[in-house]
Amino acid sequence: MPVITNKQQLLQHVQNVLRKKFALPGEPAVASRPLLEELIYAICRENTTPAEATAAYERLVKSFFDWNEIRVSTVTEVAEVLQPLPQAGVRARRIIGLLQKVFEERYSFSLDDLQKKGLKQAAKQLSRYKDDVNDFTVAWAVQRFLNGHAIPLDEAALRVLQRLGVIEENIDPERLEAIRGSVEHMVTKARAAEFTELISLLAHEWCTVPAPQCPQCPLRGDCPTGVHTTTGRKPEVRARKPRTEK
Ligand code: SF4
């Protein structure tokens with residue numbers, strides 16, 4: 001079965017197919033939360049689905065009086081609220097750590113003024129909260145709050161993109177930013193937020209660990225791994241005519 005060899009066209013096709021499969025409740029929200037809250041949401045969102053992250057974030061907001069109460073809570077207390085999110089303890093530690101760093105630096109829980117510094121400076125400032133804020137979190141904030149072009153790549157998204165043959169198999173963590181840059185080159189800014197949501201859903205529904213569920217996946221005829229898994233054959237390559245961007 002022929003597969004699409006142009007990576008940009010393949011990702012566009014993947015997004016079109018997934019859009020029909022998963023009915024997203026409208027366009028993903030941009031700038032719907034203040035920046036600090038968007039970072040905390042992103043910590044919940046890494047390697048989860050939109051529904052899982054939203055439910056955990058809402059439990060967090062409802063269970064504590066304010067961000068300061070979360071800051072002075074124990075990791076166990078915050079993790080209990082985040083569960084059943086995977087790695088709830090790690091996420092809880094990162095959320096408390098981020099709140100502590102922001103509070104020590106500003107005596108407040110607002111980062112919204114970073115928007116005025118411009119995209120590069122704001123992203124650089126956020127990267128300083130390292131250990132709690134990683135490449136995924138910064139890219140999420142750029143996409144959802146700072147109105148820049150970024151595709152946050154967590155392990156789930158990287159796994160999908162590897163199996164689709166869009167990025168290399170063995171990823172050097174030092175090269176993550178460059179890999180993200182190459183994906184951002186292939187997915188336009190207008191499609192970026194929806195792309196992020198759909199790839200997470202694909203990773204959760206069919207492109208799972210340890211093995212993908214290719215026979216059930218709607219992309220099995222387009223994806224090199226899917227073709228190989230379902231037919232045992234090496235995929236036949238075919239270039240697609242460029243399509244007009246939607
Ligand atoms: S066909 Fe298989 S490997 Fe490819 S995206 Fe679907 S589940 Fe993942």
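The analysis underlying the following values was restricted to heavy atoms, covering all of them including side chains, and did not include hydrogens, waters or symmetry mates. Position 1 is the first residue of the sequence; numbering continues from there. Whatever order the structure lists ligands and atoms in, that order sets their numbers, starting from 1.
Side chain to side chain, R128 and Q125 meet the donor-acceptor criterion of an N or O pair below 3.5 Å.
For the pair E77 (side chain) and T74 (backbone), a donor-acceptor distance under 3.5 Å is present.
Taking 4.0 Å as the cut-off between side-chain N and carboxylate O, E184 and R180 count as a salt-bridged pair. Contact check on E197 versus R45 returns a salt bridge, with a Lys/Arg side-chain nitrogen under 4.0 Å from an Asp/Glu carboxylate oxygen.
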Apply side-chain contact (heavy atoms from CB on, under 4.5 Å) to T229 and R220, showing your working.
CA-CA 8 Å; T229 306; R220 61 188 176 278; over 6 Å; no

Report the C-alpha separation of K21 and W206 in whole Å, then their side-chain angles, then the decisive distance to 0.1 Å, and conclude whether the side-chain contact (heavy atoms from CB on, under 4.5 Å) test is met.
CA-CA 12 Å; K21 281 283 168 189; W206 299 294; 4.2 Å; yes

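The distance cut-off of 2.8 Å around atom 2 (Fe) of ligand 1 captures these protein N, O or S atoms, sorted by chain and number: C214 SG.
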